[in-house]
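Have a look at the structure below, then the notes.
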Amino acid sequence: MLDIRTALQQGTKLLEESAISAPRLTAEVLLSHALKRERSYFYAHPEEELSGVAWIHYGRYLHERLQGKPTQYITGRQEFYGREFLVSPDVLIPRPETEHLVEAAIKRISPGNTVLDVGTGSGAIAISLALETQARLIACDLSLLAIQVAIGNAGRLGASVEWLASDLLTAMRSRSVDVLVSNPPYVPSVDEAGLQREVRDWEPHLALFAGPNGMDVYERLIQQSSQVLRPGGWLLLELGYNSLKPVQEMLLDEWNEIELVHDLAGFPRVLAARLIG
Ligand SMILES: C[S@@+](CC[C@H](N)C(=O)[O-])C[C@H]1O[C@@H](n2cnc3c(N)ncnc32)[C@H](O)[C@@H]1O
């Protein structure tokens, strides 16, 4: 039998040899998942032996990671805005950059506002906003499987959100909202071959791609937003790499007070625009 220290050393070496990023951290996260223990436990008990069952689970998780499966889909978890969300390959793994979108939305939401999250995926944005503000939250997605994951997360985290299965805003009909927030698919389909295999082979393509130049969903969403937002309402969009200029060009007529938030790497990551009242 192996002890914790040796299991971590061997796992790290295997991951390193396959050029998996952050090999030691990944080995610790996978062993923590296999043992159902916090990572801090390993430092206090390096000599503890793994049970046969834990060893089998750890071996399977390492194998899955070596095959390219993202760690978050192996553990089924991802932290977002200070809370733990359950994730499966039916939803995009929420990214830390998207926390900028949540922050920008919180700054613009007033108590009692109605807020719509379009393309909710795991529900990370809608649930965070429901728990951080006193707004009424609606969230939609075209994927029923994603909505099921989001409903599970809302139940676990105690958030109240109204869920809609909808192609963008079609299910909103004559309803209106004060703030519309979205991290839409924005990867150009022509970039597919160049994506990391963890993203290309595992994350839902419906969550990633938006036509040849990545602009299809922005275009439809911006057109539909002015029908659903109240005059003076805010539209907040996460921006993809190189999408700022084309998105700004789509906002010429009915929008003003266009503001940008840059991410920690200095890229424009969130665009906020106000519907002319
Ligand atoms: C980039 S993911 C964002 C997921 C989640 N909001 C997040 O930030 O982690 C885009 C989401 O939009 C959804 N989606 C794609 N096309 C859609 C459409 N036409 N109508 C509604 N949702 C759509 C996908 O299923 C996916 O959940």
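Side chains are part of it too, since the values below use all heavy atoms of this structure and drop only hydrogens, waters and symmetry mates. Order of appearance sets the numbers: ligands from 1, and atoms from 1 within every ligand.
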Original post:
Taking Asn153 for the side chain and Ser122 for the main chain, is one N or O donor matched with an acceptor at less than 3.5 Å?
Top reply: yes
Original post:
Within a radius of less than 6.0 Å around CD of Glu249, do more than 12 heavy atoms belonging to other residues, nucleotides or ligands occur?
Top reply: yes
For ligand 1, is there an atom lying under 4.0 Å from some heavy atom of [X]?
X: Leu206; result: yes
X: Pro184; result: yes
X: Ser166; result: yes
X: Pro185; result: yes

How far is [atom] from its nearest protein heavy atom, and which residue and atom name does that atom have?
atom: atom 1 (C) of ligand 1; result: Ala207 O, 3.1 Å
atom: atom 5 (C) of ligand 1; result: Thr120 O, 3.3 Å
atom: atom 19 (N) of ligand 1; result: Asp167 OD1, 2.8 Å
atom: atom 6 (N) of ligand 1; result: Gly119 O, 2.8 Å
atom: atom 20 (N) of ligand 1; result: Leu168 N, 2.8 Å
atom: atom 17 (C) of ligand 1; result: Leu142 CB, 3.8 Å

In terms of side-chain geometry, is the basic nitrogen of [X] or [Y] positioned less than 4.0 Å from the acidic oxygen of its partner?
X: Arg60; Y: Glu64; value: yes
X: Arg65; Y: Glu198; value: yes
X: Arg108; Y: Glu259; value: yes

Original post:
Given Ile125, Asp141, Asp216, Leu92, which one has a non-hydrogen atom that is nearest to atom 26 (C) of ligand 1?
Top reply: Asp141
**OP:** Heavy-atom contacts with Thr98 under 4.0 Å: which atoms of ligand 1 show up? List them by number with element.
**Re:** 8 (O)
**OP:** Check the angle between the aromatic planes of Tyr58 and Trp55 and answer parallel, tilted or perpendicular using the 30° and 60° thresholds.
**Re:** tilted
Original post:
For Asn183, is at least one N or O under 3.5 Å away from an N or O on ligand 1?
Top reply: yes
Would you say [Y] and [X] are linked by a side-chain donor-acceptor pair, where the criterion is simply a distance under 3.5 Å?
X: Tyr186; Y: Glu238; result: yes
X: Arg39; Y: Ser32; result: no
X: Asp167; Y: Thr170; result: no

